[in-house]
2 protein chains.
Amino acid sequence: MHSTRRAETFPANTPAASQVFTTVLSHGPLTRLEAARRAGLSPAAVTKAVRPLIEAGYLTEDADAEARPTLGRPANPLRVNGGRALFIGAKVTGDEIIGVLTDLCCQVRISRHVPLSAPDPRAVLAALAALVQDLMTEAHGLGAGVLGLGVAVSGDVDRGAGTVRYSPFLEWRDVPLAELACTTTGLPVTVDNDVRALTVAEQWFGAGVGLSDFAVVTVGAGIGCGLVVHGRVVAGAHGVAGEIGHVTVDPAGPPCHCGNRGCVEAIAGDAAIVRQVREATGLTVADTGDALALAHRGVAGAREVYARAGAAIGRGIATVANLLGPERVIISGEGLAAHDLFAEQIRDAFGAAAFGSAARCDVQTRPLPFEQWARGAAATAIQSFIRADEQRPGR
Amino acid sequence: MHSTRRAETFPANTPAASQVFTTVLSHGPLTRLEAARRAGLSPAAVTKAVRPLIEAGYLTEDADAEARPTLGRPANPLRVNGGRALFIGAKVTGDEIIGVLTDLCCQVRISRHVPLSAPDPRAVLAALAALVQDLMTEAHGLGAGVLGLGVAVSGDVDRGAGTVRYSPFLEWRDVPLAELACTTTGLPVTVDNDVRALTVAEQWFGAGVGLSDFAVVTVGAGIGCGLVVHGRVVAGAHGVAGEIGHVTVDPAGPPCHCGNRGCVEAIAGDAAIVRQVREATGLTVADTGDALALAHRGVAGAREVYARAGAAIGRGIATVANLLGPERVIISGEGLAAHDLFAEQIRDAFGAAAFGSAARCDVQTRPLPFEQWARGAAATAIQSFIRADEQRPGR
DNA sequence: AGGATTAATTTCCGCTGTCAATAAAAGAAG
DNA sequence: CTTCTTTTATTGACAGCGGAAATTAATCCT
């Protein structure tokens, strides 16, 4: 995270305070006693930790009039005051930037698309600045300040340093994006890999809440994977992890741009599906919309392509499950528009290839609008804001 | 870990003490200042933490006469007093138990093999008791007490509960091994999966020292994998992880006992190699020794089998590297006897299938005598002893 | 009005690790 | 041979965090 100006800071001085806040953020309204239990603290600690947070307006206590027990002093459930702070999340793709304005609870308030003429850093930065400007003026009407900007980019991103080390899609190398964006927008900036950002959103606000080991698999132009192990998102020693897209599922399969054959992505990625449907049907197939339409119209060749894609994805997920034994795998991404065409095959292939207890892993599909990518970026900004001065416990 | 008697406990009451001890254990002799830096503590904290450990004889300070700087007060490097305590590690296989007596530094002092008539829990427990008895009498001559027993078993093991949930090799289900072994031996017992145990040994005493993300891949009867992510061994939500053996590398490959085709194990496992060499040469091949001999004699068919095995292993490792981005992969196991026959293919296949920065992962081969499996078990016992009352930070 | 019951808070206390100052153990310099 | 310099280790005062137990608060029940 980078920031120049003296930005508003989060008044969670102690580990316990940060812990409690995160717990309440993820687990909805909680009484102090429940929060204490969940965070592994004493009630007294919660009371102390919570006071400055309430005073600063980040937490509120609302005696929930309904649903109260018949006996004893009624509880004052704590909840995060979403409207207290706003964040901007932006996802940069090859041809556009998707931006969202979210509140502290990562609820999307406003979303915007900005087309990109060229994906070079200069143009992206200009578009990003305009986008942020736009969203910040909108934010004025909401009565809260924008406290951070998260940017999600595909590829090798060093979140700690705030730099994009290498993004094949954008053809960037060693771009200090956080620093640049910070100087143009004046906001504290967090830069992270797009799939990891989405994983953070799921971990704090989605289907990964409360789980210490799970995976997010995204299906779309590429096949990506975000991993949470021991309660933390895996970044890998070299900043890259979760490359499920290039797991080989069939050495005799179609060639992949990565140089191998039969990668998941070469079978189930958008481009691969379009190509395969075209070859199978002999018809004109311009994009995944066309491919999908053909399959939905019942064209056998197209359906088979999706079935094979599902099997490839299922086998890729089984590989993750076999290696890491996650509690849950969340399948998501635009590719899920074809959900009905390959969900069964995913499940079957997973079941066949998952070994022993790994098969007990809960595989969920979670269709997700494209703006969720930008929401993931906002989630990283929220995370950075809350943990502003926290250190990672190395070791 | 299970223990009935009041056993000797480790005087590291505080987190810092445990931290410092572990640091010195892994990083050899260290001055207090170096230890403080490495453990992220103040020198004062090290002094305080270290005192009871020295008094109890677990640490010693030896002014290293040689190699001292020319100026200033000479340092008193701290080192672990290996001879202070002894541990027993045992690896249970289908037909024998390998046991080792190690010191606190996990140096093997004595090793023993005990044949097993049948792998049912009764027989194993009897053999284990005899083995422990034997090693404990040997231990008397070494002037230190045996403070723990570690047992390594393949399959699904719940270390926390001390039970073997399911071991296909031994055909065990839900055997409370720690409890049983504790009552027969009177020692505190730690039970863990064999590959994870080996991984712990590498993490604390081997090629994984100082790394927060690495993998151990074992090649032998099966192909196993132990993972360390965020500095902790991965156990998986359901107690199973690291099943690299059943990663599919060739859907058209030979069938595997797991029900799929072309698993790494079905190509590079001992049984697969023996079968394939037999088929390729038409000769009598009883075991891996025969297969190895043929290959070393230059029989083309046999050499090809090993080459294919190497490629399969390399691809499996690449999958791990792509998913987790480890800093290092340590290849080990009895199968490395064929190291010269497939090391090149492992490297080539890894290089071809590793994507982007994942290729920067350092792949090492580390031939390891079979008794190292038992040493891994001892390492888990040492770990349990040192962290006797520590809790895992869930979340 | 006075229990009964559950929630939250307060007060006090112990413990851990840091800070800054100090002691220790040498060689170097005069 | 004393004193200075340099580096390592220790000491003692101190601050902060979180916990235990007692206390207060808020409500319903009798």
Side-chain angles (χ1 to χ4, degrees), chain A residues 11-24 27 29-55 59-79 387 389-391 393-395, chain B residues 11-24 27 29-55 59-79 387 389-391 393-395:
Chain A
N13 13 5
T14 118
S18 179
Q19 180 87 331
V20 169
F21 187 82
T22 311
T23 304
V24 175
H27 294 87
L30 289 176
T31 70
R32 286 166 170 77
L33 266 72
E34 284 174 277
R37 194 177 44 72
R38 285 206 120 104
L41 294 165
S42 69
V46 173
T47 292
K48 282 184 234 176
V50 138
R51 203 191 318 278
L53 291 169
I54 292 179
E55 272 167 15
L59 287 178
T60 55
E61 40 184 350
D62 281 313
D64 221 333
E66 325 95 64
R68 114 181 344 163
T70 48
L71 218 59
R73 170 178 175 173
N76 286 21
L78 297 165
R79 70 184 72 217
R387 309 191 157 162
D389 48 356
E390 252 179 89
Q391 241 76 276
R395 280 264 312 150
Chain B
N13 14 5
T14 120
S18 179
Q19 181 87 331
V20 170
F21 187 82
T22 311
T23 304
V24 175
H27 294 87
L30 290 176
T31 71
R32 285 165 171 77
L33 265 69
E34 284 175 276
R37 193 178 44 73
R38 285 205 120 103
L41 294 164
S42 68
V46 173
T47 292
K48 282 183 224 172
V50 137
R51 199 191 322 275
L53 290 170
I54 292 178
E55 272 167 14
L59 287 177
T60 55
E61 40 183 350
D62 282 313
D64 222 334
E66 326 93 63
R68 115 178 347 162
T70 48
L71 216 56
R73 170 178 174 172
N76 285 24
L78 298 164
R79 72 183 71 217
R387 309 190 157 164
D389 50 356
E390 251 179 272
Q391 241 78 275
R395 278 267 307 154

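Excluded from the calculations below are hydrogen atoms, water molecules and symmetry mates; all remaining heavy atoms, backbone and side chain alike, are included. Residue numbers begin at 1 in each chain, while the letters A, B, ... track the order of the sequences.
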Engineer: Scan B:Thr14 against the nucleic acid and name what it touches under 4.0 Å (heavy atoms): base, sugar-phosphate only, or nothing.
Structural biologist: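 The answer is sugar-phosphate, as B:Thr14 gets under 4.0 Å only of primed atoms, P, OP1 or OP2.
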
Engineer: With DNA chain D as reference, determine whether A:Gly40 or B:Val46 sits nearer its 5' end, using the nearest nucleotide of each.
Structural biologist: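 So the residue in question is B:Val46.
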
Engineer: Shortest non-hydrogen contact from A:Ala16 to A:Leu41?
Structural biologist: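 For A:Ala16 versus A:Leu41, the nearest heavy atoms are CB-CD1, 3.9 Å.
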
Engineer: Distance check needed: C:dC19 C1' versus B:Leu33 CG, whole Å only.
Structural biologist: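 About 15 Å, once rounded to whole Å.
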
Engineer: Just to be sure I understand the rule, does B:Ala16 reach a base, reach only the sugar-phosphate, or reach nothing, if contact means heavy atoms closer than 4.0 Å?
Structural biologist: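 Here B:Ala16 touches the backbone only, sparing every base.
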
Engineer: Measure the distance from CG on A:Asn13 to C1' on D:dG18 and round it to the nearest whole Å.
Structural biologist: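 A:Asn13 atom CG is separated from D:dG18 atom C1' by 13 Å.
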
Engineer: For B:Leu41 and A:Thr31, take the nucleotide of DNA chain C holding the closest heavy atom to each; which residue's nucleotide lies nearer the 5' end?
Structural biologist: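 Closer to the 5' end of DNA chain C: A:Thr31.
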
Engineer: Please pick, from C:dA8, D:dT11, D:dA9, the nucleotide with the shortest atom-to-atom distance to any side-chain atom of A:Ala75.
Structural biologist: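 For the A:Ala75 side chain, the nearest candidate turns out to be C:dA8.
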
Engineer: Of the options C:dT9, D:dT11, D:dC29, whose atoms approach the side-chain atoms of A:Thr47 most closely?
Structural biologist: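 Closest nucleotide to the A:Thr47 side chain: C:dT9.
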
Engineer: Between atom CZ of B:Arg38 and atom OG1 of B:Thr22, what is the distance when rounded to the nearest 0.5 Å?
Structural biologist: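 Reported value, rounded in 0.5 Å steps: 13.5 Å.
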
Engineer: Between atom CG in B:Asp62 and atom C1' in D:dT8, what is the gap in whole Å?
Structural biologist: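 That distance rounds to 16 Å.
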
Engineer: Rounding to an integer number of Å, can you tell me how far A:Arg73 CZ sits from C:dG3 P?
Structural biologist: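 Atom CZ in A:Arg73 sits about 21 Å away from atom P in C:dG3.
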
Engineer: In whole angstrom, give the distance that lies between atom NZ of A:Lys48 and atom C1' of D:dA21.
Structural biologist: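 Going from A:Lys48 (NZ) to D:dA21 (C1'), I get 13 Å.
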
Engineer: As an exercise, state the distance from CG of A:Asp62 to CG of A:Asn76, rounded to the nearest 0.5 Å.
Structural biologist: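 Rounded to the nearest 0.5 Å, the CG-CG separation comes to 9.0 Å.
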
Engineer: In this structure, how many angstroms lie between the C1' atom of C:dA8 and the CD1 atom of A:Ile54, rounded?
Structural biologist: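 Those two atoms, CD1 and C1', are 11 Å apart.
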
Engineer: Tell me which nucleotide among C:dT18, D:dT27, C:dT10 gets nearest to the side chain of A:Ala44.
Structural biologist: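 Among the listed nucleotides, the one closest to the side chain of A:Ala44 is C:dT10.
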
Engineer: Find the distance between CD (A:Glu34) and OG1 (A:Thr23) and round it off to the nearest 0.5 Å.
Structural biologist: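 Reported value, rounded in 0.5 Å steps: 11.5 Å.
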
Engineer: Go through C:dA26, C:dT18, C:dT10 for me and flag the one nearest to the A:Arg51 side chain.
Structural biologist: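 Nearest nucleotide to the side chain: C:dT10.
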
Engineer: Which atom names give the shortest non-hydrogen contact between B:Val24 and B:Leu78, and what distance separates them?
Structural biologist: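 Nearest pair, atom of B:Val24 first, then B:Leu78: CG1-O, 3.6 Å.
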
Engineer: In whole Å, I'd like the distance from the CZ atom of B:Arg32 to the P atom of C:dA24.
Structural biologist: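 From B:Arg32 CZ to C:dA24 P: 15 Å.
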
Engineer: Starting at atom CG of A:Leu78, determine the distance to atom C1' of C:dT9, rounded to an integer number of angstrom.
Structural biologist: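 After rounding, the gap between these two atoms is 13 Å.
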
